[in-house]
Peer 1: 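Below you'll find the structure I mean.
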Amino acid sequence: MGQYLLSTYAVEGEAPPAEPSPEVMQEMMGRIVALEAEMDSSGSFVFGGHLHGADAATVVQVRDSETVLTDGPFAESKEHIAGFYIINADDLDAALRWAAKVSDCVGRPIEVQPFAGTGRVADQMPG
Amino acid sequence: MTTDVAHAAEARFEVERVFREVSGHAVATLVRLFGDIAAAEDAVQDAFVVATHRWPSDGVPPNPAGWIITTARRRAIDQLRRGARGRELISSQQHTVEQSTETEPDLTAARETANDDRLRLIFTCCHPSLRPEHRIALTLRLLGGLSVEAIANGFLVSEAAMTKRLTRAKYKIKATNIPYRVPDESELAARLWAALSVLYLIYNAGTDNIAERSDLRSEALRLGRALVEMVPDEPEPAGLLALMLLNESRVPARSINGAVVLLRDQDRTAWNREMIDEGHTIVRRCIQRDRPGQYQLQAAIQAVHCHADTFESTDWHQILALYDHLQSIAPSPVVALNRAIAVSETNGPSSALAILDTLQDQLANYYPLHAARAVMLRDLSRPHESADAFARAAALTSSDAQRQHFDQQARALTQRRG
């Protein structure tokens with residue numbers, strides 16, 4: 001049993017998708033709610049959320065004892081996380097099945113990343 | 001070379017040959033026992049070193065795979081005992097790790113277990129979350145027992161690059177926890193397709209330079225046979241095996257002194273009759289099962305070619321019908337191209353050329369498209385355009401023999417004009 005990050009992203013400079021009609025929105029929400037209930041009942045749901053977006057991001061860095069703030073996301077990447085789930089899954093195949101269901105619901109590609117470790121670093125250190 | 005040195009070389013060669021034949025089985029079983037590919041690979045490598053020292057004097061053991069597995073486990077246990085991780089591994093698998101496999105009283109059960117282990121490993125190596133080059137490299141290394149150097153040569157990359165590829169692939173398997181198991185029935189068809197396409201890619205990589213890459217082709221054939229044995233209820237592995245056999249049967253006639261010999265010009269008496277017979281038998285059985293698929297259909301097409309005594313007596317109408325079927329279940333620009341060639345033989349080059357025109361964008365860098373166009377243009381008495389198409393084919397192919405052939409064809413046309 002391991003944990004996986006399922007994330008979706010927005011691409012910088014890409015025009016945002018057209019706002020779906022209320023009916024389409026409601027249908028999509030219904031499917032997501034049903035999917036999350038499925039995750040809950042199988043003990044797969046750990047955490048989830050969606051973010052405001054790149055415009056709301058700030059990058060913080062301490063250089064030479066000085067705290068530098070930059071408005072916006074990491075400059076180097078064009079893709080920025082928009083939303084994610086953290087799930088429990090027995091193996092990659094199980095994680096991929098969840099990712100396919102999420103992708104089907106939200107109509108976007110989903111990136112699947114395994115966690116190398118979770119929780120507090122102190123708990124993961126040897127000895 | 002002195003007699004001693006010659007004997008030693010012979011013995012070493014024999015050890016390598018036997019080892020390669022059974023190492024896939026050994027690696028697969030050890031992956032199951034250890035739950036870790038790198039550990040299994042290292043253990044088998046260690047066992048190989050022991051084999052090179054012991055077998056020349058003790059003789060090759062009657063059950064080489066069993067010997068390797070036992071030896072590998074003992075050495076792995078010794079190694080792992082030195083680390084905490086190892087003590088964990090051993091205590092969790094105490095009962096399996098300590099068992100001996102030197103005698104296998106129930107050979108049927110043993111064969112089934114061996115097949116299950118190899119099947120699990122093939123599906124792991126061919127997992128769709130791995131990119132095709134990685135799947136190919138892993139399959140050849142772990143199941144084929146090919147050295148990293150041999151695989152690197154087969155795909156025209158440096159040994160360092162191939163090592164990196166294998167390391168990345170194994171890392172991903174471990175980090176993402178790709179399970180070692182045969183997929184559930186609901187996923188089996190898709191996963192089987194992934195495995196079959198890897199084998200076919202390996203086979204085709206071995207046709208780029210016919211003489212030098214026979215090891216890739218024979219490995220693809222061997223694994224193809226093993227897959228048929230492992231999933232006898234599935235028709236597509238049989239289709240792929242027949243397809244590869246029928247292609248392979250024509251290898252002896254495909255080149256003369258390094259020069260390309262086209263199908264229409266091949267000496268059909270040089271074709272391997274045994275392979276053709278086996279291919280035909282498999283295709284007939286597939287037709288009876290009536291669960292068609294893309295590999296079975298491609299095999300059937302090659303069967304029609306191999307059945308003809310001469311190029312002129314080829315049943316192109318049947319080939320066209322098979323391409324129609326293939327296009328409907330597994331459409332692709334390449335299938336459309338090959339179908340167009342059949343159209344040219346049944347309906348003439350004009351209608352075929354019209355089809356090729358619709359594929360120009362998708363297959364712009366695919367030399368067989370230009371080669372086919374060139375032949376059709378030549379048949380339509382348009383030598384200038386034909387020569388240009390041959391030139392484009394020559395520029396796009398990576399095979400020296402092919403390039404020479406296309407250049408020759410282009411020259412013949414321009415000479416005619418002159």
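In what follows, chains are A, B, ... by sequence order, proteins preceding strands, each numbered from 1.
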Peer 1: Quick check for you: to the nearest 0.5 Å, what is the distance between B:Ile178 atom CD1 and A:Asp93 atom CG?
Peer 2: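 One finds 7.5 Å between CD1 of B:Ile178 and CG of A:Asp93.
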Peer 1: Compare every heavy atom of B:Ala175 with every heavy atom of A:Pro114, then report the nearest pair and how far apart it is.
Peer 2: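 That would be CB-O, 3.2 Å.
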Peer 1: Top residue by heavy-atom pair count (under 4.5 Å) with chain B, among A:Asp90, A:Leu96, A:Asp91?
Peer 2: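 Most heavy-atom pairs within the cutoff with chain B belong to A:Asp91.
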Peer 1: Would you find more than 12 non-hydrogen atoms of other residues, nucleotides or ligands less than 6.0 Å from A:Phe115 atom CZ?
Peer 2: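 Check passes, neighbour count above 12.
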Peer 1: Can you tell me how far the CG atom of B:Asn177 sits from the CD atom of A:Gln3, to the nearest 0.5 Å?
Peer 2: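 If we round to the nearest 0.5 Å, B:Asn177:CG and A:Gln3:CD are 12.5 Å apart.
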Peer 1: Enter the distance from A:Leu92:CG to B:Thr124:OG1 here, rounded to the nearest 0.5 Å.
Peer 2: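 The OG1 atom of B:Thr124 is 11.0 Å from CG of A:Leu92, to the nearest 0.5 Å.
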Peer 1: Got a sec: does the CG of A:Asp123 have more than 12 other heavy atoms crowding it under 6.0 Å?
Peer 2: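 Enclosed.
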Peer 1: Take atom CE in A:Met28; do more than 12 heavy atoms of anything else shown fall under 6.0 Å from it?
Peer 2: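 Enclosed.
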Peer 1: Hey, is CZ on B:Arg291 packed in by over 12 heavy atoms from elsewhere, all under 6.0 Å?
Peer 2: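 Atom CZ in B:Arg291 is packed in, count exceeds 12.
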Peer 1: Is the number of heavy atoms from other residues, nucleotides or ligands within 6.0 Å of CD (B:Gln362) greater than 12?
Peer 2: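 More than 12 within 6.0 Å, yes.
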